Amino acid sequence: MNEVGIKILVVDDIEDNLLLLEEILDHDDYNVVKANSGQQALDILGEDADFALILMDVLMPDMDGFATVSTIKANPAWADISVVFITALTPNDLSISQGYEYGAVDFIIKPIDVELLEAKVETFCAFYRQKKLLENEIQQRQDLMRQLQLSSSIFENSGEGIMVLDAQGLIQVVNPAFLQHAGYAQPEMINQHIVELHATEQHRFFYEEMWVRVTEMGFWEGEVKSYKKNGQEYPEWLKVSSVLDAQGVVSHYIATYSDINAHANAKQKLYYLAHYDALTELPNRVLFQETLKHAAANVRRNGGRFALFFMDLDRFKVINDTLGHSAGDLLLQEVAGRLFGCIRESDMLSRQGGDEFTSLLLGLKKAEDAGVVAEKMIKALAEPVLIQGQELTVTTSVGISIFPDDTDDIETLLKYADTSMYHAKDQGRNRYAFYSQDVHATSSKRLNLESKLRKALENEEFELHYQPKYAVGSGVVTGMEALVRWNQPELGRVAPLDFIPLAEETGLIVPIGEWILDEACRQNKTWQEAGFPCMRMAVNLSSRQFKDGNMLKMVDKILHKHHLEPDFLELELTESMIMQDAESTIKILQALHGNGIQLAIDDFGTGYSSLSYLKRFPISKLKLDRSFIIGLPDDKDDSKIVTAMITLAHGLDMTVIAEGVETREQLAWLEDAGCDEIQGYFFNAPMSSQDFTVLLQKMSV
Ligand code: C2E
Ligand code: MG
Ligand code: MG
């Protein structure tokens, strides 16, 4: 039924008849549509067949009323429409019975009795309305049935426990998932109140509150404790929501129970990933920052103090690069475990990334107590770690700042701990340092030194000293090592160990190193040209220089510039420099060696060397570090180590030089042990080029 009324189709070939019918049926409830032929009537039905009634003239040209009706009745979409013939024929005419056979339901005889027509039309329309209502109702019921079927299948098959409560909260029906989970049978639960189901003595108040919220707000959700029939307690996530009837009044409540573990697990997992370090399982930088903020807020509110530790492992990178990342990872895990063992439960240890750790010691009574913990941590690492069959020892340097004693600003606190850590490293590593004016002074001293170092080359403040090397047995000078000196106008002479690391960090070592090589080669050539015996000049390379892509070219350029045979140049490298990224090192070493330059490993024994690489590197000399020489000849360990290193070097066809030889006893012992060359104060300290010239002159006479 549409808003313009029930549709009635009137069909007549005479326009006046159509107008007359339209006139009679002019009523708000009706919508009269006219057709002036059987064909037009069919066309109209073809567009929209929602007519309550067709009033049709029998006698029409082309297609008469009977033919039209039989077509209509043959079409299932139209067959339901009632057709009433309007005819001038007399009732006992044969065509009336014929008309019924064709499917007409009634006849109206012309001339039209208006009242009768109105009455009949209204009857058909009423019938039509009734039919429509019924159809609608059937449709609605079908929809409802489908919906109910769907809901009931959800209810029956859901993995979540569901119950339907009445408006008072009494359980009406429970789904199988709930029954199975809780171990109840349906009848035991019916008409129990949901609060009674959960409430134990100590939790009654909680559930009563919950029910008040449900009735006031129509909704509640949260964690609840449920009890199985056998008394076992288990946590669940409960949601209760109201169902309103057509009048908007609560008719029921639906309660769903879901597995809190699944809920909580997913939440926990996300939280974990965002806040913890996967390798060590320690809190990560994010959680650390959050905790730091809370700790600061807490101290600001309640007083007290806490300590912030900044730690990194000394020389971890070397281990990582030489033994590989998986060994590095194992080491970090072990270190994390040991450090964690040094703090209390209320403190925090976190990994910032790489080999950097931080710690918060909360509720600290005295700042000095932090020193005790730092000491404990350093001790905890002292014990060697066995990784992939190798014993490794790592040490850590700890920087400590105290909140709010040093500062009450978090960012500054972090900076202070960081600076203090560098201070600890500068002081010789494997120690801790509190932030203090000392640290502050050191860091500004460092800045000051850096600005002076930047001007040193330009101001020609560098100078090379030379220390001779002697052949064991013959006592002949075999060569010399160039050692840089910095004569700083204000500071006086600055020792290499005080500025080389800074030059490395700032990159200044590249131009400084180039000057050193240039000066050493120039001096060597000068001595050769002066007629002294040709000797090999050893020059120290730093790791930054070694990694510099231009190094090979630079060396080549300098040798050419001074017309120095490559054989008279020796480069001293350290173990850590060449064991890092050993595969690419091999190529560089081979290029140098291929050009005729000699290569030596300096400070041998203090780093990590892989024997298999050592064998493949074109190295001709090992320089035993001074730390092994000091204890000779009395120290049993040192003498064993030195003997082994000499055997090793000779086994690899390398010569051995001992550096830092200061006594006759050391010299005698080394001679016995088969050491090839000696360098040290016993013969000479490093000296200026003038002094070295004097030495050469003395030698030649
Ligand atoms: P290094 O290459 O192992 O040099 C040996 C160091 O031991 C030198 O210290 C030398 O003066 C010192 N020494 C020599 N004989 C004895 C001895 O009998 N007893 C004692 N106690 N010490 C002795 P120096 O000149 O202070 O250099 C220290 C380090 O600084 C060098 O160790 C090297 O690593 C670095 N260095 C020095 N000059 C240069 C340079 O021109 N370039 C680079 N890259 N590094 C340099
Ligand atoms: Mg050296
Ligand atoms: Mg050395």
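In each ligand, atom 1 is the first atom listed, and ligand 1 is the first ligand listed. Heavy atoms only: backbone and side chains are in, while hydrogens, waters and symmetry mates are out. Count residues from 1 along the sequence. It should be emphasised that the depicted structure is a prediction, and the values quoted were computed from it without experimental measurement.
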Open item on the list: For atom 25 (O) of ligand 1, which of the options E662, R485, Q666, Q545 provides the nearest non-hydrogen atom?
Closed with: R485
- [ ] Consider every N or O of V484 and every N or O of ligand 1, then say whether any pair is closer than 3.5 Å.
- [x] yes
Open item on the list: Nearest non-hydrogen contact with atom 30 (O) of ligand 1 belongs to which option: A538, P496, P686?
Closed with: P496
Task: Residue V661 vicinity, atoms of ligand 1 by number, heavy atom under 4.0 Å - done: 18 (O)
Open item on the list: Under 4.0 Å, heavy-atom basis, I'd like to know which part of V539 is in contact with ligand 1: side chain, backbone, both or neither.
Closed with: neither
- [ ] May I have all residue pairs that pass salt bridge (Lys or Arg N to Asp or Glu O under 4.0 Å) and include part of residues 664-678, sequence neighbours excluded?
- [x] K621-E677
Task: Contact atoms of ligand 1, heavy-atom distance to D602 under 4.0 Å - done: 1 (P), 2 (O), 3 (O)
Open item on the list: One thing to verify: whether R522 and E519 come together as a salt bridge, which I'm taking to mean a side-chain N less than 4.0 angstrom from a carboxylate O.
Closed with: yes
TODO: Indicate yes or no: does an N/O atom of R626 lie under 3.5 Å from an N/O atom of ligand 1?
DONE: yes
TODO: Check ligand 1 against Q467 and write out every atom of the ligand that is under 4.0 Å from a heavy-atom position of the residue.
DONE: 14 (C), 15 (N)
Open item on the list: Can you tell me which N/O/S atom of E572 has the shortest distance to the Mg ion (ligand 2)?
Closed with: OE1
Task: Electrostatic pair K525-E565, nearest N-O below 4.0 angstrom - done: no
Task: Atoms in ligand 1 flagged as close to E659, the criterion being non-hydrogen separation under 4.0 Å - done: 3 (O), 5 (C)
Open item on the list: Within ligand 1, which atoms have a heavy atom of S542 less than 4.0 Å away?
Closed with: 44 (N)
Open item on the list: Heavy atom to atom 41 (O) of ligand 1, shortest distance: which of I516, D603, N684, T663 holds it?
Closed with: I516
- [ ] Give, for atom CG of D602 and atom CG of L624, the distance between the pair rounded to the nearest 0.5 Å.
- [x] 10.5 Å
TODO: Confirm or rule out an N/O/S atom of D602, from backbone or side chain, lying less than 2.8 Å from the Mg ion (ligand 2).
DONE: yes
TODO: Please determine if E375 and K379 form a salt bridge, counting it only when a charged side-chain N lies under 4.0 Å from a carboxylate O.
DONE: no
Side-chain donor/acceptor pairs under 3.5 Å, residues 551-563, sequence neighbours excluded:
{"unit_1": "K557", "atom_1": "NZ", "unit_2": "E514", "atom_2": "OE2", "d": "3.2"}
{"unit_1": "H560", "atom_1": "ND1", "unit_2": "D556", "atom_2": "O", "d": "3.1"}
{"unit_1": "K561", "atom_1": "NZ", "unit_2": "D518", "atom_2": "OD1", "d": "2.8"}
{"unit_1": "H562", "atom_1": "NE2", "unit_2": "D518", "atom_2": "O", "d": "3.4"}
{"unit_1": "H562", "atom_1": "NE2", "unit_2": "D518", "atom_2": "OD1", "d": "3.2"}

Task: Proximal ligand 1 atoms for G680, defined as those under 4.0 Å from one of its heavy atoms - done: 15 (N), 18 (O)
Task: Charged N-O contact under 4.0 Å between K469 and E572 - done: yes
Open item on the list: Nearest 0.5 angstrom please: L414 CG to S401 OG, how far?
Closed with: 7.0 Å
Open item on the list: Please confirm whether A495 approaches ligand 1 to less than 4.0 Å, judged on its heavy atoms.
Closed with: no
TODO: State if K623 counts as touching ligand 1 under the rule of any non-hydrogen atom under 4.0 Å.
DONE: no
Open item on the list: Between Q289 (side chain only) and R285 (backbone N and O only), is there a donor and an acceptor less than 3.5 Å apart?
Closed with: no
- [ ] From atom 10 (C) of ligand 1, work out which of D498, N540, L573, L483 has a heavy atom at the shortest distance.
- [x] L483
Task: Atom name of the N, O or S atom in E481 that lies nearest to the Mg ion (ligand 2) - done: OE2
TODO: Report yes or no: does S620 contribute a side-chain atom to a donor-acceptor pair with the main-chain N or O of L599 at less than 3.5 Å?
DONE: yes
TODO: Tell me, please, if D603 has any N/O/S atom, main chain or side chain, under 2.8 Å from the Mg ion (ligand 2)?
DONE: no
- [ ] Just do the ring-ring contact (aromatic ring centres under 6.0 Å, His included) check on F568 and W527 with the steps written out, would you?
- [x] CA-CA 12 Å; F568 297 119; W527 282 323; over 10 Å; no
Task: K415 atom NZ: more than 12 heavy-atom contacts under 6.0 Å - done: no
Open item on the list: Below a 4.0 angstrom heavy-atom separation, can you tell me which part of E481, side chain or backbone, both or neither, approaches ligand 1?
Closed with: side chain
Task: Candidate with minimal heavy-atom separation from atom 16 (C) of ligand 1, of Y681, F683, F682 - done: Y681
Open item on the list: Students often mix this up, so state it plainly: with edges at 30° and 60°, are the rings of Y416 and Y435 parallel, tilted or perpendicular?
Closed with: parallel
